[in-house]
Structures are given as C-alpha cells and as structure tokens.
Peer 1: 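I'd like to ask you about the structure that follows.
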Amino acid sequence: MAPPSGVALLISVTLVLLLVIPWVNGDAVGGWNVSNQREFDYFKLTLLWPGTACRRTRHCCPSNACCQGSNSPEQFTIHGLWPDYNDGTWPACCTRANFEEKEISTLVGALRKYWPSYSCGSASTCHGGKGSFWAHEWEKHGTCSSPVVGDEYNYFLTTLNVYFKYNVTRVLFDAGYVPSNTEKYPLGGVITAIQNAFHTTPEIACSNGAVDEIRLCLYKDFRPRECALQSTPRHGMNSRSSCPKYVSLPAYTPRGDGKVEMSVSSTYQSESM
Ligand code: U2P
C-alpha cells in the first residue's frame, strides 16, 4: 500500500486534534483559539472565600493576598466573570487578544483589593504563555464575554460593578454567617440567605468542609438566573456533592509580621487551562 500523501496525513492529524482537544478540562475549546465558538448563554460570577483559599498557602510572596497581614481580604473576592453555555460547558480563549495591564491601570487599586490572587505562581494564559491571575481570567473568559462586555477594560470594570451589586459577603454576614474557626453553619441556610437576597440558587463549592467558592448565575443583562442544570454534576460544583450539610467559613488570622498563620498554596500554580 502506498504511504499516505502529505495532504491525507494533514487531514487525519487535524481530525484527531479536533476530536481530542475540545473537551480538555470541560472547556468547550480548552486553551485553543478557535474563532467558531458560539456566543455564550449566560454569566457566572465566581467568588472566592479568602479564609479557605489561604489555608492552601504554603509560602508567602508579595502577590499572594494571604500574605498582606491586616490588609488581607476579609470578604469574598472575585475569581472571575465566566461566560457559560446552558449545556454545562463554556467557551474559552475566544480571541487572540493578549492581556495588557496598562489597559486597566486605573482599576488596579480596586482589583488588588477585590480581585486579588492567592498565589505566588503565575497562571497559564491562552496562547501557551504565563501571566497574572488577571491575565488568565481575561484571556480565558474575558475574551469570550466581549459580545456583551466589550474590551479588556470593560471586562474588569463590569465584573467589579456586578460584584458590588451582588454583595454576597454582606448577605451572609447579615444572616449571621460570619467568619469563624469554630462554628459550622447549615449549608441550606447559607443557600437560602442568598436565594432570599438575589432570587437565584448559588452554586457552592467546598474544600474540606469549608466554603471555597460561591457562584452566582446571571443573564446577559446581569439579572440573576438559575445556573444550567447540567453544569452541576459534571463539574462537581453542586453543593450536595462538594459541601457537607454543615459548612464552615474559616476566619483568616494574619500574623503581625505579615506571614500567614495557616499555610497554603496557590489555586493557580498547578492549574492548567
Ligand atoms: O472548575 C474548575 C475550573 O473550570 C473553569 N470553569 C468551571 C465552571 C464554569 O462554569 N466555567 C469555568 O470556566 C474554571 O477555570 P478557571 O477560570 O479557574 O481557569 C474553574 O476554576
């Protein structure tokens, strides 16, 4: 039999890549810039609880918000504003736009406070590079949000505004769910407090029984909506699957010398796209 021609070989390799790549890590198009990803269906505002994130820190460095002593965050902070599909997948890396910090220089003060990194490592960016947490979130999710939010500056500004509008920290604190290293709270109560405030059911993820992330699903006009049903079992974000019946909201206790009391790691160091 004659060896395959160059064209036939190229077609076979392309077909294999098209079949294998798209579902890496649950991303509809994991880490690849494919222009034909369809527009997303809804947003997910994802928030991190610092007391839990900082339990993973192993060493300190200036970029890790866990290491800022009394300036370390005491409220939920932003993980990202994610565009998602109703089938539980999501687009990723939708354009070739690279993150440029100068575009968001006027927002940096607010971003450091409300959208900090809990890592000393750098994160993967869309085109094989490494960058900051903000670079990761913009290139992976922000570029796919652009039909609604526009450019990089507007992605960060919009996310901050949505974060201020849906103040999950205030809702939980007002309901009596305050940081504690001894109390445990009923998961149902935490969910109900958010449902009563925002008329949507949050996704809650836990780590060792502690609230790690809270995710709010929003229509494209940023009104709350229910999350896609399919996203729940597939990504383990269902409160029933990753949280126990009673959850903790660990307090973060910085040391006077600015070193963390509990030790951690980075959410991002080992994370791939
Ligand atoms: O859950 C693990 C990682 O998958 C990405 N994710 C998850 C759910 C979802 O609806 N959308 C989404 O993008 C997140 O990737 P990251 O932004 O952290 O790279 C999430 O952390």
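Fair warning: this is a prediction, and the values are worked out from it, not measured in the lab. Heavy atoms only: backbone and side chains are in, while hydrogens, waters and symmetry mates are out. Atoms within each ligand, like the ligands themselves, are counted from 1 in listed order.
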Peer 1: Considering only heavy atoms, which of His79, Glu203, Lys44 lies nearest to atom 18 (O) of ligand 1?
Peer 2: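 Comparing heavy atoms across His79, Glu203, Lys44, the nearest one to atom 18 (O) of ligand 1 lies in His79.
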Peer 1: Ring centres under 6.0 Å, that's the criterion: do Trp90 and Tyr85 meet it?
Peer 2: no
Peer 1: Report, in ascending order of atom number, the atoms of ligand 1 lying under 4.0 Å from any heavy atom of Asp84.
Peer 2: 9 (C), 10 (O), 11 (N)
Peer 1: I'd like to check which ligand 1 atoms, numbered from 1 as shown, lie under 4.0 Å from a non-hydrogen atom of Lys140.
Peer 2: 15 (O), 16 (P), 19 (O)
Peer 1: For Ile204, is there any backbone N or O sitting under 3.5 Å from a side-chain donor or acceptor partner on Glu213?
Peer 2: no
Peer 1: Between Cys94 and Cys144, does the SG-SG distance stay under 2.5 Å?
Peer 2: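 A disulfide is present here, as the SG pair of Cys144 and Cys94 is separated by less than 2.5 Å.
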Peer 1: Is the NZ or CZ atom of Lys220 positioned over Phe40's six-membered ring, under 6.0 angstrom from the centre and within 45° of the axis?
Peer 2: yes
Peer 1: Of the listed options (Tyr85, Trp82, Phe133, Tyr42), which comes nearest to atom 11 (N) of ligand 1 when hydrogens are ignored and any heavy atom counts?
Peer 2: Trp82
Peer 1: For ligand 1, which atoms sit closer than 4.0 Å to a heavy atom of His136?
Peer 2: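 Counting from 1, the qualifying ligand atoms are 16 (P), 17 (O), 19 (O).
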Peer 1: Within ligand 1, which atoms have a heavy atom of Arg215 less than 4.0 Å away?
Peer 2: 1 (O), 7 (C), 8 (C)
Peer 1: How about Tyr163 and Trp115: are their ring centres within less than 6.0 Å of each other?
Peer 2: no
